[in-house]
Amino acid sequence: MVGETTGVLFAELAAATEDVRAESRRLGKVERIAAALRGLAPEERVAGASYLAGSPRQRVLGVGWASLRDDPPLPADEATLSVAEVDAVLAQVAASSGAGSVAARRAALGALMARATASEQAFLRALVLGDIRQGALAAVVGDAVAKAADVPLKDVRRALMLRGDLGAVAAVALAGEDLGQFRLEVGRPISPMLASTAPDVDAALEKTGPAAVEWKLDGARIQVHRSGDQVAIFTRTLDDVTARIPEVVEAALALSAESFVLDGEAIALREDGRPHPFQVTGSRFASKSGVLLTPLFFDVMHLDGADLLDEPGSVRASALAGLVPERWRAPRGGPEQLEIALARGHEGVVVKALDAPYEAGRRGSAWVKVKPVHTLDLVVLAVEWGSGRRRGKLSNLWLGARVEDGFVMLGKTFKGLTDAMLAWQTEKLLELETGREGHVVHVRPELVVEIAFDGVQTSPRYPGGVALRFARVLRHRPDKPAAQADTLDAVLAVRDA
DNA sequence: TTCCGACAGTGGGGTCGCAAT
DNA sequence: ATTGCGACCCCACTATCGGAA
């Protein structure tokens with residue numbers, strides 16, 4: 001519990017975020033954030049706690065990087081902005097998103113920036129861009145909420161899991177109210193449970209213990225809530241997409257239960273049951289026209305008044321089988337399912353511990369995904385200077401495959417690089433430099449890198465008409481001449497396999 | 001003392017709707 | 001009519017801290 005305060009200036013939160021960024025210890029960050037939380041007046045807590053976690057309280061502002069590209073206005077000398085004033089302006093900006101002019105939003109934001117000190121301007125910018133880089137987001141701030149409110153950490157985590165809104169949870173905790181009020185509520189989304197990764201089914205089983213093996217479908221995650229004839233559907237980031245996929249609403253209404261919360265995937269399937277490329281599903285999701293999506297459910301968190309979150313996975317699977325017909329369920333079985341899923345054109349499998357509860361929002365070892373990986377030896381055509389902790393290092397590689405008269409670019413990657421690899425490639429690529437354009441360093445196409453990727457997709461952007469999906473670096477191959485790198489034909493062979 | 005789970009950071013490709021040009 | 005922008009859909013991987021073993 002905390003004493004009533006008269007509130008804080010926005011500048012105090014800006015100062016807090018600078019302190020947190022400068023502090024490397026997680027416990028130190030928590031301590032500093034807790035101190036800032038304690039200073040918030042009751043009516044500032046929702047917005048203030050959100051700011052400390054790096055995001056405005058409004059989900060969508062309708063302004064982004066381009067709106068902040070120009071130099072900020074001259075900063076104010078003195079800090080005068082209150083948290084409430086900032087919140088009011090951002091609420092006004094958000095309210096015009098999708099309905100008003102970009103210029104009006106930019107003007108409102110600009111006026112706010114003009115009233116801010118240099119430190120506040122930097123903080124505002126970070127909030128708008130979602131680019132706080134202080135080493136603490138909602139999870140760490142949740143620890144600070146527990147500390148500031150003097151309540152058990154597990155209670156805060158549970159509330160965050162069930163509400164997914166740090167500001168709301170912080171306000172309740174700091175007010176000394178019962179966090180038990182955050183319960184699974186039909187119609188209100190919870191953070192979906194996530195999966196970690198393993199190279200094969202055996203490795204996955206080592207992490208999970210006794211488990212079922214379920215097809216992994218390359219669609220979009222959906223969480224379907226139904227109460228009576230009311231249906232609501234949410235995505236992985238808890239956006240409400242009910243109006244965009246009426247066919248899934250219909251499917252939910254066809255099930256024989258009064259109320260439920262289901263977890264699943266919505267995917268575009270062809271006549272023969274094989275999946276369309278992910279781009280087809282993605283397009284349908286964004287546009288509300290096009291090919292129909294099929295829901296394939298794999299979990300049930302609530303059924304007719306009973307919360308199933310804490311039930312073992314095997315019990316939830318049985319409940320699901322009793323509620324949802326087979327054609328709307330993700331196939332599930334033993335290790336043989338990997339071969340079957342791949343033969344049917346699907347992505348892979350998720351290995352799911354039989355005894356695990358539904359751990360909303362966590363990426364634990366209870367669910368482990370297994371997908372086949374392709375590799376190719378490609379050539380570095382250019383590289384971009386990194387940012388943040390990669391500042392001063394050449395980071396993001398432009399990758400090319402060999403063609404008759406040179407190389408054709410297939411995409412970029414920055415993934416998989418250790419600090420040692422970053423240091424090595426920075427030195428090596430500077431030796432190969434042929435010129436610069438902005439933050440791009442062009443190089444002689446001589447360095448070969450072994451690249452892992454999940455698949456080949458058609459690309460409107462790259463000259464070969466294809467791009468790699470989820471490319472990452474496995475290792476540098478200074479031993480291999482570029483003339484022996486893989487060809488575009490080899491890439492197309494992967495696509496057509 | 002060592003190990004490992006959780007977290008944050010660093011960015012990737014594609015698609016759409018909408019406003020500005 | 002085109003283009004730029006913002007918002008989301010999919011995401012892999014490494015470094016670090018600190019509690020668990």
Side-chain angles (χ1 to χ4, degrees), chain A residues 21 23-30 53-54 59-67 69 97-106 128-143 157 194-197 207 217-222 235-239 241 244 265-267 277-290 347 359 361-365 369 371 373 384 386-391 393 395-399 410-422 451-462 466-474:
Chain A
R21 188 175 299 117
E23 166 66 79
S24 68
R25 293 158 48 244
R26 184 160 294 170
L27 294 176
K29 292 177 191 285
V30 167
R59 282 188 72 91
V60 170
L61 291 177
V63 284
W65 184 80
S67 305
R69 190 166 31 193
S97 175
S101 78
V102 173
R105 285 198 292 280
R106 288 182 184 175
V128 169
L129 298 182
D131 200 20
I132 189 85
R133 301 188 199 210
Q134 63 173 4
L137 294 171
V140 171
V141 177
D143 287 21
R157 290 203 170 145
L194 304 173
S196 57
T197 309
K207 293 170 82 170
L217 303 145
D218 193 11
R221 191 81 177 264
I222 50 169
T235 63
R236 187 161 109 80
T237 51
L238 314 188
D239 284 296
V241 292
R244 276 186 250 165
E265 198 83 8
I267 184 170
F278 173 75
Q279 283 146 310
V280 174
T281 294
S283 159
R284 172 64 180 77
F285 230 84
S287 73
K288 68 186 143 185
S289 63
E347 229 190 336
E359 297 175 293
R362 309 308 280 270
R363 192 184 295 283
S365 55
K369 56 185 160 184
K371 297 189 283 186
V373 173
E384 298 173 14
S387 64
R389 71 182 301 281
R390 291 192 177 188
R391 176 173 297 277
K393 295 286 190 296
S395 174
N396 197 9
L397 301 169
W398 295 22
L399 305 171
L410 296 173
K412 309 177 191 178
T413 185
F414 58 90
K415 294 173 183 166
L417 298 162
T418 63
D419 288 354
M421 290 164 79
L422 276 167
I451 298 294
F453 59 99
D454 279 24
V456 177
Q457 57 191 347
T458 62
S459 169
R461 175 184 319 203
Y462 291 110
V466 289
L468 302 183
R469 194 151 182 234
F470 309 143
R472 57 269 193 189
V473 178
L474 292 181

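Chain identifiers are assigned alphabetically (A, B, ...) following the order of the sequence lines, protein sequences preceding nucleic acid strands; residue numbering begins at 1 within each chain. Note that these values count all heavy atoms, side chains included, but never hydrogens, waters or copies made by symmetry.
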Subject >> Whole angstrom value for the distance that separates P of C/dG6 from CG of A/Leu61 >> reply: 11 Å
Subject >> Closest-nucleotide ordering on DNA chain B, the 5'-leading residue of A/Lys207 and A/Leu137 >> reply: A/Lys207
**OP:** Might you point out which heavy atoms bring A/Val466 and A/Ser459 nearest each other, and give the distance in Å?
**Re:** C-CB, 3.6 Å
Original post:
Do any side-chain nitrogens or oxygens of A/Gln457 fall under 4.0 Å of OP1 or OP2 in B/dG13?
Top reply: no
Subject >> OP1 or OP2 of B/dA19 under 4.0 Å from side-chain N/O of A/Ser101 >> reply: no
**OP:** Could you tell me the separation between the CG atom of A/Asp239 and the P atom of C/dG6, rounded to a whole number of Å?
**Re:** 17 Å
Original post:
Atom CG of A/Asp218 to atom P of B/dT15: distance rounded to whole Å?
Top reply: 13 Å
**OP:** Please state whether the phosphate of B/dG14, meaning OP1 or OP2, lies under 4.0 angstrom from any side-chain nitrogen or oxygen of A/Ser283.
**Re:** no
Original post:
Tell me: CZ of A/Arg469 to P of C/dC13, nearest whole Å?
Top reply: 14 Å
Original post:
What is the nucleic acid contact for A/Ser365, judged by heavy atoms within less than 4.0 Å: base, sugar-phosphate only, or nothing?
Top reply: nothing
Original post:
Within this structure, what is the CD1-to-P distance between A/Ile132 and B/dA8, rounded to whole angstrom?
Top reply: 12 Å
Original post:
What's the verdict on side chain to side chain contact (heavy atoms under 4.5 Å, CB included) for A/Phe414 and A/Leu397, showing C-alpha distance, side-chain angles and the deciding distance?
Top reply: CA-CA 6 Å; A/Phe414 58 90; A/Leu397 301 169; over 6 Å; no
**OP:** Measure the distance from CH2 on A/Trp65 to P on B/dG11 and round it to the nearest whole Å.
**Re:** 14 Å
Original post:
Using a cut-off of less than 4.0 Å, is there contact between a side-chain N or O of A/Arg472 and OP1 or OP2 of C/dC13?
Top reply: yes
Original post:
What residues form a ring pair (Phe, Tyr, Trp, His ring centres under 6.0 Å) with A/Phe285, not counting sequence neighbours?
Top reply: none
Original post:
Given C/dC9, is OP1 or OP2 found less than 4.0 Å from the side-chain N or O atoms of A/Thr235?
Top reply: yes
Original post:
Is any side-chain N or O of A/Asn396 closer than 4.0 Å to OP1 or OP2 of B/dG12?
Top reply: yes
Original post:
When we call it a touch if two heavy atoms are under 4.0 Å apart, what does A/Ala139 touch: a base, just sugar-phosphate, or nothing?
Top reply: sugar-phosphate
**OP:** Looking only at side-chain atoms of A/Arg133, point me to the closest of C/dC9, B/dT10, C/dC8.
**Re:** B/dT10
Subject >> Sugar-phosphate only, base, or nothing, as touched by A/Arg69 at under 4.0 Å among non-hydrogen atoms >> reply: sugar-phosphate
Original post:
When we call it a touch if two heavy atoms are under 4.0 Å apart, what does A/Gly388 touch: a base, just sugar-phosphate, or nothing?
Top reply: sugar-phosphate
**OP:** Could you work out which one of C/dC9, B/dG13, C/dC5 sits closest to the side chain of A/Phe285?
**Re:** C/dC9
**OP:** Under 4.0 Å between any heavy atoms, over every strand shown, what does A/Lys369 touch: base, sugar-phosphate, or nothing? Just pick one.
**Re:** sugar-phosphate
Subject >> Pairing partner (Watson-Crick or G-U wobble, both distances under 3.5 angstrom) of B/dG17 >> reply: C/dC5
Original post:
Tell me, for nucleotides 15-21 of chain C in 5' to 3' order, what letter each nucleotide earns: B for a base near a protein heavy atom under 4.0 Å, S for only sugar-phosphate near one, - for neither?
Top reply: SSSSS--
**OP:** Determine the minimum heavy-atom distance between A/Val140 and A/Gly135, stating which atoms define it.
**Re:** CG2-O, 4.3 Å
Original post:
Hey, does A/Val473 reach any base, or is it just sugar-phosphate, or nothing, if we go heavy atoms under 4.0 Å?
Top reply: nothing
**OP:** By nearest nucleotide on DNA chain B, pick out whichever of A/Gly364 and A/Ala286 is the more 5' one.
**Re:** A/Gly364
Original post:
Within the pair A/Ser395 and B/dG11, is there a side-chain N or O less than 4.0 Å away from OP1 or OP2?
Top reply: yes
Original post:
Can we say A/Asp454 and A/Arg472 salt-bridge, meaning some charged N sits less than 4.0 Å from an Asp/Glu carboxylate O?
Top reply: yes
Original post:
Closest approach of A/Ala104 and A/Ser101, non-hydrogen atoms and distance?
Top reply: N-OG, 3.0 Å
Subject >> Check: A/Arg106 main-chain N/O paired with A/Ser67 side-chain donor or acceptor under 3.5 Å >> reply: no
**OP:** Kindly point out which of C/dG6, B/dG12, C/dC9 is positioned nearest to the side chain of A/Lys412?
**Re:** B/dG12
Original post:
For C/dC9, does OP1 or OP2 lie under 4.0 Å from any side-chain N or O of A/Arg244?
Top reply: no
Original post:
For the side chain of A/Arg236, counting heavy atoms from C-beta on, which of B/dC16, C/dC10, B/dT10 is nearest?
Top reply: C/dC10
Original post:
How would you label the contact of A/Lys415 with the nucleic acid (heavy atoms, under 4.0 Å): base, sugar-phosphate, or nothing?
Top reply: base
Subject >> Among B/dT10, B/dG14, B/dA19, the one nearest A/Ala467 by side-chain distance >> reply: B/dG14
Original post:
So, A/Asp419 and A/Lys393, do they make that salt bridge, N to O below 4.0 Å?
Top reply: no
**OP:** Measure from the side-chain heavy atoms of A/Pro460 and tell me the nearest of B/dG14, B/dT10, C/dC9.
**Re:** B/dG14
Original post:
How long is the line joining CH2 of A/Trp398 and P of B/dG11, in whole Å?
Top reply: 14 Å
**OP:** Can you measure from CZ (A/Arg469) to CG (A/Leu410) and round to the nearest 0.5 angstrom?
**Re:** 16.0 Å
Subject >> Per A/Ser287 side chain, nearest of listed nucleotides B/dC16, C/dC10, C/dC5 >> reply: B/dC16
**OP:** Check A/Lys29 against A/Glu23 and note the closest heavy-atom contact, atom names and distance.
**Re:** NZ-O, 2.8 Å
**OP:** Starting at atom CD of A/Gln279, determine the distance to atom C1' of B/dG12, rounded to an integer number of angstrom.
**Re:** 14 Å
